[in-house]
Amino acid sequence: MLLSPRKLRYRKPQRGKMKGAASRGTEVAFGEFGLQSTSNAWVSARSIEAARRAMTRYIRRNGQVWVRLFPNKPVTNHGSESVMGSGKGSVDHFVCVVRAGRVMFEMGGISEDQAREAMRLAAMKLPVSTKFIVRDQVSL
């Protein structure tokens, strides 16, 4: 099941800027290991779900996984072969704006090498460059 907000303040918001580093959500808060972004990007709800599935499948549902992203930004699409004009397209999918330094996923209750491999598999599904971090290490 893909993540999407129940309610929106604005149905079709503007694209916005993505520069700079994350100001919040930069430390491991729930688990022992985390996957931290080192670049900026829009991460779609599909990417988040694919990464979550890759992690949980690898650890065979042992331990615990925390998803610290939520796609709350609607992205519109006009569709191919439509003429110019006629307003903005309808909402196509939802994304989460991820800035450098943001902890996207966390894990706990498993060994470090298991967590490292699970996070590596998850990172392959994401459009951002990432690094593996442990709870008591200095982050970005």
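The structure presented is a predicted model; accordingly, all values stated were derived computationally and were not measured.
When side chains are defined from C-beta on, V103 does not count as touching E27, because their heavy atoms never get closer than 4.5 Å. You'll find the side chain of F30 reaches within 4.5 Å of the side chain of R68, heavy atoms only. Between P74 and Y10 there is no side-chain heavy-atom pair separated by less than 4.5 Å. Residues S47 and K125 have side chains not in contact (no heavy-atom distance under 4.5 Å, counting atoms from C-beta outward). Residues I133 and V28 form a side-chain contact, since some pair of their non-hydrogen atoms from C-beta on lies under 4.5 Å apart.
A donor-acceptor pair under 3.5 Å is formed between the side chain of K12 and the backbone N or O of K88. Of the possible polar contacts, none joining the R15 side chain to the V75 backbone as a donor-acceptor pair under 3.5 Å is found. Side-chain atoms of E106 do not come within 3.5 Å of backbone N or O of G34 as any donor-acceptor pair. Proximity of a side-chain donor or acceptor of N77 to a complementary backbone N or O of S90 within less than 3.5 Å is not detected. Within the 3.5 Å criterion, the main-chain N or O of L2 finds no donor-acceptor partner in the side chain of E49. A donor-acceptor pair under 3.5 Å is formed between the side chain of K73 and the backbone N or O of Q14. Judged purely by atom type and a 3.5 angstrom limit, E32 uses its side chain to pair as donor or acceptor with the backbone of G109. In this structure a side-chain-to-backbone donor-acceptor pair under 3.5 Å is missing from D92 to T76. For H78 (side chain) and G87 (main-chain N/O), a donor-acceptor pair under 3.5 Å exists by modelled atom type.
Atom NE2 of residue H93 and atom OG of residue S4 lie 12.5 Å apart, to the nearest 0.5 angstrom. Note that OH of Y58 is 8.5 Å distant from CD1 of I110, once rounded to the nearest 0.5 Å. Taken to the nearest 0.5 Å, the OG atom of S111 stands 7.0 Å off from the CZ atom of F33. Atom CE of residue M55 and atom CD of residue Q114 lie 13.0 Å apart, to the nearest 0.5 angstrom. The distance from the CG atom of L121 to the CE atom of M119 is 11.0 Å, given to the nearest 0.5 Å. Atom CE of M107 and atom CG of N62 lie 10.0 Å apart (nearest 0.5 Å).
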F105 vs V67, side chain to side chain contact (heavy atoms under 4.5 Å, CB included): CA-CA, chis, key distance, verdict: CA-CA 5 Å; F105 296 96; V67 179; 3.9 Å; yes
Test log, rule side chain to side chain contact (heavy atoms under 4.5 Å, CB included), inputs Q36 and F132: CA-CA 6 Å; Q36 188 177 44; F132 179 81; over 6 Å; no
Residues V43, V95; criterion side chain to side chain contact (heavy atoms under 4.5 Å, CB included); working and verdict: CA-CA 5 Å; V43 179; V95 297; over 6 Å; no
Quick one: do F94 and L3 satisfy side chain to side chain contact (heavy atoms under 4.5 Å, CB included)? Show the steps, please. CA-CA 8 Å; F94 290 89; L3 295 170; over 6 Å; no
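Minimum interatomic distance between K17 and R99 (heavy atoms only, all atoms of both residues): O-NH2, 3.3 Å. Contact detail for C96 and L69: the closest heavy-atom pair is SG-CD2, 3.9 Å.
R120 pairs by the salt bridge (charged side-chain N to carboxylate O under 4.0 Å, His left out) definition with E117, not counting sequence neighbours. Residues that satisfy the side-chain contact (heavy atoms from CB on, under 4.5 Å) test with S39, not counting sequence neighbours, are V128, S129. When the side-chain contact (heavy atoms from CB on, under 4.5 Å) test is applied to T56, the partners found at least two apart in sequence or on another chain are R52, V65.
With hydrophobic clusters built from ILVMFWY side chains whose heavy atoms lie under 4.5 angstrom apart, I59 shares a cluster with L126.
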